[in-house]
*Asks:* 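Please see the structure below; I have some questions.
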Amino acid sequence: MNTYDPTLVETKWQRRWDEQGTNLFDEAKLRHAEKPYYNLMMFPYPSAEGLHIGNIYAYTGADIQGRFQRLNGKRVFEPMGFDAFGIHSENFALKIGTNPNELIPSNIANFTKQLRRIGGMFDWNHTVDTTDPDYYRWTQWIFVQLFKAGLVVRRKSAVNWCPQCKTVLANEQVIDGKCERCDAQVGQRRLPQWFVRITEYADRLLKNIPQLDWSETTKVAQTNWIGASDGAYVDFAVADSDMSIKVFTTRPDTLFGATYMVLAPEHSLVAELTDSSQSESVQAYVESARQWDIVERQKTDRDKTGVFLGSHCINPVNRKSIPIWISDYVLAEYGTGAIMAVPAHDQRDFEFAVKFDLPIQLVIQGADGPQNDSLDAAYSGDGVLVNSDKFDGLDSEDAKNRIVADLQDRGLGEAVTTYRLHDWCISRQRYWGPPIPIIHCPDCGPVAVPEQDLPVVLPYLEDFKPNEEGESPLSRDTTWCNVSCPKCGKDAKRETDVSDTFLDSAWYFLRYPCTDIEDAPFNSEILDSWLPVHSYIGGNEHAVLHLLYSRFLTMALHDLGFTKFEEPYQKFRAHGLLIRDGKKISKSRGNIVVPDDLIVKYGADTVRMYLMFLGPFEQGGDYQEHGIHGPRTFLNRLWQSVEEAEAGECEPDVERALHATIERVTRSIRELRYNTAVASMMEYLNTVRAEGRRPKVEEVSPLVVMVAPFCPHIAEELFEKLGRSSSIFDNASWPVYDPKLLEEQFVELGIQVNGKLRATIRADTNATQDELQELALEHPNVARYTSDADIKKVIHVPGRMLSIVVGKSR
RNA sequence: GCCUGAGUGGCGAAAUUGGUAUACGCGCCAGACUCAAAAUCUGGUGGUGGCAACACCGUGAGAGUUCGAGUCUCUCCUCAGGCACCA
């Protein structure tokens, strides 16, 4: 009898899959797909360290879903690729003194080897590598489309500046005011940058969220990130001037309590509104605010600072003159960069008013709120208006509408929704990215590189370090930079910034099914039949930005007429994280596990099953290597059972267990609860092998199919042993359970007396409540509690329990 | 501070969504096989008391609803992740 040798089995089947193209599509198959199922997972950044166990965990969980769908008759397209541009690769290359042009290909080769070794059902004919000119040609093409549509614009903007990496950082790359890569403190700079106008789509991105089949947490995260606030613009006339200042407020009901105004130091009207008597202190404040790095600026617990401009504006509702201040607690990027300060009802304004001795006027009286102006803190709740002239007595909600309507009639305000979402800055003053396909002409301005001239190939630079000035390394390659304007032919210069990696990954899933197409980024016919993606699985760390950017891009391409769908991912689920020694497994924590040795020792199948058995896939699990013995024993016993199986039908008890197992495993896999699916299969195998009984072929063969998504290699081998022709994924179908077979003739029924379990009885499933009650009362341990008492009530939960409620003893 | 999750044996975790808490696995204990070990197989394994039948206690803490609560409601504690001067 053969014993199970994972390495032998796995190399055999991996070779067979390659030879027979088991997992490959060709262009014709992609164009004419019946029952298509696009099984997408977030592609990795190919690090030099290789895939770690957390990557394996994520990809295995996604792969199981794909294999399961395939066994259920779907044509499953499961591609893989590499998100290989970007700052991490570049920084790593700098660190080890190599060039990313050499580093990345070898990393990709290593990743590919690892991904093949774990037995993923990947279509290696449709891979994507974002650093391949054949790919980024189309990333640049997309940029050009957005540029032509006015959805990407160039403007000067204050950006996060990392003095260590010498580059601009996106807000999300700044963690606690520090660079996410090198931990250096981040400062500010003003540079001309390319922005994608994602805020144009804020309301649509928000409105579609409820219709998506995504986990609730991800939807909430996206919703909060977009951050819609309903409120109003209010215009305040500047005293002795014909200027006015627009503010945004969510509390127009507190307008009578506005006792001063605050502008952000960066506000465009600051200089104009500064009285000459104050100009020195104002300039000093503005200057220092500019110098402040983001750490300082972001601290919310520090004292409020600010300067009076020396001018006043008029509160439009009560004509009162109120002073205008500037302070860095008002953000230039949000709303209008100016606020009306209502110290009685906003804590920040309150702190500022206390510090600078500004008047505090109560205008909202809450039921449990303060009754007069002597406040310890702002009252930010709702209530009834006071000190508000004709609006006195209204409740907050009413007053908001009435006051806004009133202002609107007078042309001094309007209801508006603002968003926290900012435009997406995609400029990077770096080397390792796709060059932004723009040529700057002194006469024509920025001109898009003509589509037939794409790609703008990233030149090979020996020295790709960023410099102190923040200029892109590409600016040093003068032969590359100096070109003629595509419009007028004059001497012009290429844009030397490269684009953000998030742009590469915002559309990769559109390229996968279309990699056979050379003259276009994608084919609408193919896309419309395969998208939206049926299942997308990835990490929660991308639940906000990546998903948002790719949603935006899909919507924009839809609006430009390229696709029929406007949402890319019908279903998204985030996998959990692996925990080890109480900490999540990550490179920065230094507790990563390299899977290669584990696979050599136990085989990919065992590792796959073990990882899935750790805990619910969406919650992650606690990685303790000794636990791998469970799945290993299971696979050994499964192998033995198939070897020993004799021809014949299922025994009735085993058959019932089988159908219960099919039901549970199917449901568990659908719900991504792989751990309970594995548990059910183990339980069933225990039944099959109980007390040394000899398994029947019909008892084990459905189990082999159910194991297949988890452990594809051993499943193929056992399927072949059972006399079937490979591949199991093309020739087996997922077992179907018969609900009738789940019905049992007898059930174990719990008997409760006054809510406490007193006995368990075995009874006929069809017994009536009266019969059961009689049977129960005969049980000595039940009789102990019931014989002397009145039976008040009996509750029967069929198949589960009988609950007897008794009164006091007679 | 705000938003998400999550707290169940020695450990990873189950519990058909209000119905017999601890399935499945790890570990541990005992036994079989073995000269021995590993592997494998068999049985046991929440706590306290009891020879036993059984009783009481037990799902982060406390209250509540209910015949019945890990599950629902309220108050609180702890941990993980995210956001944070967003007017």
Side-chain angles (χ1 to χ4, degrees), chain A residues 215-221 223-225 227 229 231 247-251 254 262 297-302 304 327-331 333-342 345-349 351-352 380 418-422 540-541 543-544 576-577 579 582-584 610 613-616 618-631 633-634 636-637 640 660 663-664 667 673 675-686 689 691-692 748-760 780-781 784 792-806:
Chain A
S215 53
E216 225 29 60
T217 54
T218 312
K219 290 204 227 181
V220 169
T223 306
N224 291 345
W225 190 265
S229 292
V247 303
F248 173 70
T249 178
T250 55
R251 293 296 302 268
T254 64
V262 191
R297 179 95 195 228
Q298 274 187 349
K299 275 187 187 153
T300 57
D301 53 356
R302 73 179 215 275
K304 296 280 180 287
S327 171
D328 66 348
Y329 83 92
V330 174
L331 306 174
E333 323 84 68
Y334 187 73
T336 62
I339 61 152
M340 62 179 215
V342 185
H345 304 292
D346 181 284
Q347 186 57 29
R348 298 155 298 184
D349 298 344
E351 287 165 19
F352 193 83
S380 55
T418 60
Y419 301 92
R420 297 183 40 174
L421 184 70
H422 297 330
N540 240 326
E541 69 274 18
V544 175
L577 295 173
I579 304 293
K583 290 174 282 188
K584 77 170 185 186
Y610 165 61
F613 188 50
L614 282 176
E618 288 180 80
Q619 279 172 42
D622 194 336
Y623 180 86
Q624 297 171 8
E625 197 174 312
H626 60 250
I628 202 167
H629 293 299
T633 307
F634 171 79
N636 274 330
R637 281 157 54 96
Q640 293 292 322
E663 193 276 329
R664 278 201 290 264
R667 191 157 36 85
R673 300 164 64 101
N675 56 330
T676 52
V678 173
S680 301
M681 292 191 282
M682 287 174 166
E683 201 170 357
Y684 174 64
L685 188 62
N686 289 343
R689 293 176 62 88
E691 296 161 34
E748 296 277 315
L749 205 65
I751 310 296
Q752 286 187 353
V753 181
N754 285 354
K756 278 195 183 286
L757 185 74
R758 294 301 176 187
T760 340
N781 207 42
R784 277 171 62 187
K792 301 256 190 200
K793 199 173 166 188
V794 178
I795 296 134
H796 178 216
V797 184
R800 305 237 145 251
M801 63 182 324
L802 192 74
S803 184
I804 302 167
V805 188
V806 298

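Just so it is clear, the structure is predicted and the values come from calculations on it, not from any experiment. Letters A, B, ... mirror the listed sequences (proteins, then strands); counts begin at 1.
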*Asks:* Taking only the P atom of each, what is the distance from B:C67 to B:U22 in whole angstrom?
*Replies:*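 So the two P atoms sit 25 Å from each other.
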*Asks:* Check whether any side-chain N or O of A:Arg758 sits under 4.0 Å from OP1 or OP2 of B:A55, and answer yes or no.
*Replies:*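 Yes, because at least one side-chain N or O of A:Arg758 sits under 4.0 Å from OP1 or OP2 of B:A55.
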*Asks:* Can you tell me which nucleotide in B:C24, B:C85, B:C26 comes closest to the side chain of A:His629?
*Replies:*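 Given the options B:C24, B:C85, B:C26, the side chain of A:His629 is closest to B:C26.
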*Asks:* If you measure from the C1' atom in B:G19 to the same atom in B:G81, how many Å do you get, rounded?
*Replies:* 35 Å
*Asks:* Between A:Trp225 (CH2) and B:U4 (P), how many Å, whole number?
*Replies:* 17 Å
*Asks:* If you check the A:Arg784 side chain, which of B:C54, B:U20, B:G19 turns out closest?
*Replies:*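 Among B:C54, B:U20, B:G19, the one nearest the side chain of A:Arg784 is B:C54.
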*Asks:* Can you see which heavy atom on A:Thr760 is nearest to which on A:Glu748, and at what distance?
*Replies:*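 Closest approach of A:Thr760 to A:Glu748: CG2-OE1, 4.0 Å.
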*Asks:* Which residue, A:Asn224 or A:Arg673, contacts RNA chain B at a nucleotide closer to its 5' end, judged by nearest heavy atom?
*Replies:*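 In this pair, the answer is A:Asn224.
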*Asks:* So, is A:Thr633 near the phosphate of B:G25, with a side-chain N or O under 4.0 Å from OP1 or OP2?
*Replies:* no
*Asks:* Whole angstrom is fine here: how far is it from CG in A:Asn636 over to P in B:A38?
*Replies:* 17 Å
*Asks:* What does A:Thr760 touch in the nucleic acid at a heavy-atom separation under 4.0 angstrom: a base, only the sugar-phosphate, or nothing?
*Replies:*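 Answer is base: heavy atoms of A:Thr760 come under 4.0 Å of a base.
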*Asks:* Between C1' on B:G1 and CG on A:Asp346, what's the gap in Å once rounded to a whole number?
*Replies:*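 Rounded to the whole Å, the gap is 14 Å.
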*Asks:* Only Watson-Crick and G-U wobble pairs with both distances less than 3.5 Å should count. Give RNA chain B in dot-bracket notation, marking inter-strand partners with |.
*Replies:* (((((((..(((......[....)))((((((.......))))))((((....))))..(((((..]....))))))))))))....
*Asks:* Just compare B:C41, B:C67, B:A15 and give me whichever is closest to any side-chain atom of A:Ile795.
*Replies:*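 Comparing B:C41, B:C67, B:A15 against the side chain of A:Ile795, the answer is B:C67.
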*Asks:* Suppose you measure atom P in B:A14 against the same atom in B:U8; what distance do you get, rounded to whole Å?
*Replies:*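 After rounding to an integer number of Å, I get 11 Å for this pair.
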*Asks:* Using a heavy-atom cut-off of 4.0 Å across all strands, would you classify A:Asn686 as base, sugar-phosphate, or nothing?
*Replies:*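 Result for A:Asn686 = sugar-phosphate.
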*Asks:* How close do A:Tyr610 and A:Gln624 get, counting heavy atoms only, and between which atoms?
*Replies:*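 Scanning both residues, the minimum pair turns out to be OH-O, 2.6 Å.
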*Asks:* Assign A:Asn781 to base, sugar-phosphate, or nothing according to its heavy-atom contacts below 4.0 angstrom with the strands shown.
*Replies:*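 Sugar-phosphate contact only.
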*Asks:* Give me the distance, rounded to whole Å, that separates B:A21 from B:U59 when you measure between the P atoms they each carry.
*Replies:* 12 Å
*Asks:* For A:Val220 and A:Val805, find the nucleotide of RNA chain B closest to each by heavy atoms; which residue's nucleotide sits nearer the 5' end?
*Replies:* A:Val220
*Asks:* Mind telling me if B:U20 is syn or anti? Syn here is a glycosidic angle within 90° of 0.
*Replies:* anti
*Asks:* Which heavy atom in A:Ile339 sits nearest to a heavy atom in A:Val247, and how many Å separate them?
*Replies:*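 Between these two residues, the closest heavy atoms are C-CG1, 3.7 Å.
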*Asks:* Which of these nucleotides, B:C41, B:G19, B:A23, is closest to any side-chain atom of A:Arg637?
*Replies:*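 Ranking B:C41, B:G19, B:A23 by closest atom to the A:Arg637 side chain puts B:C41 first.
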*Asks:* Identify the two heavy atoms, one from A:His796 and one from A:Pro798, that lie closest to each other, and give their separation to 0.1 Å.
*Replies:* O-CD, 3.4 Å
*Asks:* Within the 4.5 Å heavy-atom criterion, are A:Phe248 and A:Tyr334 side-chain neighbours or not?
*Replies:* yes
*Asks:* Rounding to an integer number of angstrom, what distance separates B:A32 and B:G18 when you compare their C1' atoms?
*Replies:* 46 Å
*Asks:* For A:Phe352, does the six-membered ring have the charged nitrogen or CZ of A:Lys304 within the cation-pi criterion, i.e. under 6.0 angstrom from the centroid and within 45° of the normal?
*Replies:*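 That pair does not qualify as a cation-pi contact.
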*Asks:* Using whole Å, report how far CD of A:Glu683 lies from P of B:U22.
*Replies:*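 In whole Å, B:U22 P and A:Glu683 CD are 13 Å from each other.
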*Asks:* Using atom NZ of A:Lys792 as one end and atom C1' of B:U66 as the other, report the distance to the nearest whole Å.
*Replies:*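 Taking NZ of A:Lys792 and C1' of B:U66, I get 17 Å after rounding.
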*Asks:* Should A:Ser229 be listed as having a side-chain N or O under 4.0 Å from OP1 or OP2 of B:A87?
*Replies:* yes
*Asks:* Heavy atoms only: give me the nearest A:Met340-A:Thr249 pair and the separation to one decimal.
*Replies:*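 Closest approach of A:Met340 to A:Thr249: CE-OG1, 3.7 Å.
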*Asks:* Suppose you measure atom C1' in B:C74 against the same atom in B:U65; what distance do you get, rounded to whole Å?
*Replies:* 11 Å
*Asks:* Just to be sure I understand the rule, does A:Gln347 reach a base, reach only the sugar-phosphate, or reach nothing, if contact means heavy atoms closer than 4.0 Å?
*Replies:*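 A:Gln347: no heavy atom of the nucleic acid under 4.0 Å.
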*Asks:* Separation of A:Leu577 atom CG from B:G5 atom P, in whole Å?
*Replies:* 16 Å
*Asks:* Please give me the minimum heavy-atom distance between A:Asp349 and A:Ala341, naming the atom from each residue.
*Replies:*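 In this case the closest contact between A:Asp349 and A:Ala341 is OD2-CA, 3.3 Å.
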*Asks:* For B:C29 versus B:G47, give the span between their P atoms, rounded off to a whole number of Å.
*Replies:*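 It comes out at 15 Å once rounded to the nearest Å.
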*Asks:* For B:G9, does the O4'-C1'-N9-C4 (purine) or O4'-C1'-N1-C2 (pyrimidine) torsion place it in syn, i.e. within 90° of 0, or in anti?
*Replies:*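 This nucleotide is in syn.
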*Asks:* Does A:Thr249 reach a base, just sugar-phosphate, or nothing at all? Heavy atoms under 4.0 Å.
*Replies:* sugar-phosphate
*Asks:* In whole angstroms, how far is the C1' atom of B:A23 from the CD atom of A:Glu748?
*Replies:* 16 Å
*Asks:* Between B:A6 atom C1' and A:Glu216 atom CD, what is the distance in whole Å?
*Replies:*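 That distance rounds to 17 Å.
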*Asks:* Over all strands shown, is A:Met682 touching base, sugar-phosphate only, or nothing at heavy-atom distances under 4.0 angstrom?
*Replies:*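 Here A:Met682 touches the backbone only, sparing every base.
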*Asks:* Heavy atoms only, 4.0 Å cut-off, all strands: where does A:Thr418 land among base, sugar-phosphate and nothing?
*Replies:* nothing
*Asks:* If we count only N and O atoms by modelled type, under 3.5 Å, do the side chains of A:Arg637 and A:Asn686 hold a donor and an acceptor together?
*Replies:*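 Distance-only check passes for A:Arg637 and A:Asn686.
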*Asks:* Strictly under 4.0 angstrom, non-hydrogen atoms only: write out the protein contact profile of nucleotides 8-13 of chain B, one letter per nucleotide from the 5' end, B, S or -.
*Replies:* ---SBS
